[in-house]
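Structure record follows, encoded as structure tokens.
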Protein chains: 2
Amino acid sequence: MTEQNLRGILAEHGLKATSQRLKILDYLATNHTHPTAEMIHKDLPMISLATVYNTLEHLVKSGLVITIDQLDDGKHHYDYYGEPHYHIINPETNEIIDANNFDMRPLFEAAREITGWNISGYHIEVYGHPQDNKKDEA
Amino acid sequence: MTEQNLRGILAEHGLKATSQRLKILDYLATNHTHPTAEMIHKDLPMISLATVYNTLEHLVKSGLVITIDQLDDGKHHYDYYGEPHYHIINPETNEIIDANNFDMRPLFEAAREITGWNISGYHIEVYGHPQDNKKDEA
DNA sequence: TCTCCAATTTAGAATTGTTCCAAATACAGT
DNA sequence: ACTGTATTTGGAACAATTCTAAATTGGAGA
């Protein structure tokens, strides 16, 4: 992504454009690899680990990034959320697939029915695994 | 819940029925309060904290209990999952409401379309907050 | 019912992901 | 360019969770 794009995105969300934020946001928007803070720091070693955590906190608070916390490694994983989407996870391998072929509005409506609240977002993880054989393709 | 019920549930999931597991499962199935390990230990002080963690791990692995990790207090919260359901969360107060007025099968079908996998379960959190005023009730 | 042993429990130590600190730096508006 | 505030930083501190190894226990089989 171009630096101008990144600056625009940060500005839209009220975040100062520091070189560290530009690098981390670019990293997340480019590599959809759902990294941990540690992995980001390993790939961007010029940015201190404290700043990585600090920046991720800002990005999550602003809604630009979300966390995935169900990978049983006890670490937060981070995911650029420029376009809302849901996750399909294979718990045996921790593979994560991003998908957006589902209209969430009926779910929002259902949640609104129960609470009366304004619904503003969602996190969805769906679990599954590849089939062992092809028997049901017949 | 009766002890026989609890023993049956544990047996169905291949878990030995220890007095600690019976107490913790009963606690979770009765109080839908989404507690942390620490909170469970506080309410069941005769069970060591190590055993609380240990037992929760077994219950989560078996699918009887799920974790809720989005409450920005840095702690895992646990939720009896006897009946699958989704969560409506107010992030300002950390209030969690359990709901099940939504058919997840279309979501499963969408996930299956993308991956070809067998889909086995889901975790869904929907975020929202009460409206400040009633203006849109008109 | 009794025995036996693998599974479970336990207290406390150890680990480690994350947060905190206070000094140095850098962004952005004027 | 100048200034004030927000951000960054390395390292110390913290706290949730896991580990350890010894003691206990549930339950399958005799």
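Note on naming: letters A, B, ... go to the chains in the order of the sequence lines (proteins, then strands), and numbering restarts at 1 for each one.
Of the possible polar contacts, none joining the A:Asn90 side chain to the A:Glu95 backbone as a donor-acceptor pair under 3.5 Å is found. Without hydrogens or angle criteria, B:His41 side chain to B:Ile47 main chain gives a donor-acceptor distance under 3.5 Å.
Map B:Gly14 and B:Ser48 each onto its nearest nucleotide of DNA chain C; the residue landing nearer the 5' end is B:Gly14. Nearer the 5' end of DNA chain D, as judged by each residue's closest nucleotide, is the contact made by B:Glu57, out of B:Lys16 and B:Glu57.
Applying the 4.0 Å criterion to OP1 and OP2 of D:dT18, one finds that B:Tyr53 has every side-chain N and O outside that range. Phosphate proximity of D:dT9 to A:Gln20: present, with a side-chain N or O under 4.0 Å from OP1 or OP2. One finds a side-chain N or O of A:Thr18 lying less than 4.0 angstrom from the OP1 or OP2 phosphate oxygen of D:dT8. Within the structure, a side-chain polar atom (N or O) of B:Lys75 is placed less than 4.0 Å from OP1 or OP2 of D:dA16. Phosphate proximity of D:dA16 to B:His76: absent, as no side-chain N or O sits under 4.0 Å from OP1 or OP2.
Here D:dT25 presents its P atom at 14 Å from CD1 of B:Ile47, a figure rounded to the nearest Å. Rounded to whole Å, the distance from CG on B:Leu10 to C1' on D:dT25 is 15 Å. Atoms CG (A:Asn54) and C1' (D:dT7) sit 7 Å apart, rounded to a whole Å. In this structure, CG of A:Leu56 is placed 14 Å from P of D:dT7, rounded to the nearest angstrom. Rounded to whole Å, the distance from CG on B:Asp73 to C1' on D:dC14 is 15 Å. If you take CG of B:Leu49 and P of D:dC19, they are 14 Å apart, rounded to a whole angstrom. The nearest whole Å value for the distance from the CG atom in B:Leu22 to the P atom in D:dT25 is 15 Å. What separates CZ of B:Arg21 from C1' of D:dG27 is a distance of 13 Å, to the nearest Å.
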Worked check of salt bridge (Lys or Arg N to Asp or Glu O under 4.0 Å) between A:Lys75 and A:Asp73
CA-CA 5 Å; A:Lys75 300 170 193 170; A:Asp73 61 358; 5.1 Å; no
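A:Ile66 and A:Tyr127 end up in different hydrophobic clusters when Ile, Leu, Val, Met, Phe, Trp and Tyr side chains are linked at under 4.5 Å.
With respect to A:Arg7 and A:Glu3, a salt bridge is recorded, a charged nitrogen being found less than 4.0 Å from a carboxylate O. A salt bridge is defined here as a Lys NZ or Arg NE, NH1 or NH2 lying under 4.0 Å from an Asp or Glu carboxylate O, and B:Glu57 with B:Lys61 meets this definition.
When DNA chain C is scanned in the 5' to 3' direction for atoms under 4.0 Å from non-hydrogen atoms of chain A, the outermost contacting nucleotides are C:dG17 to C:dA28.
Relative orientation of the A:His32 and A:Tyr80 rings is tilted, given thresholds of 30° and 60° on the angle between their planes.
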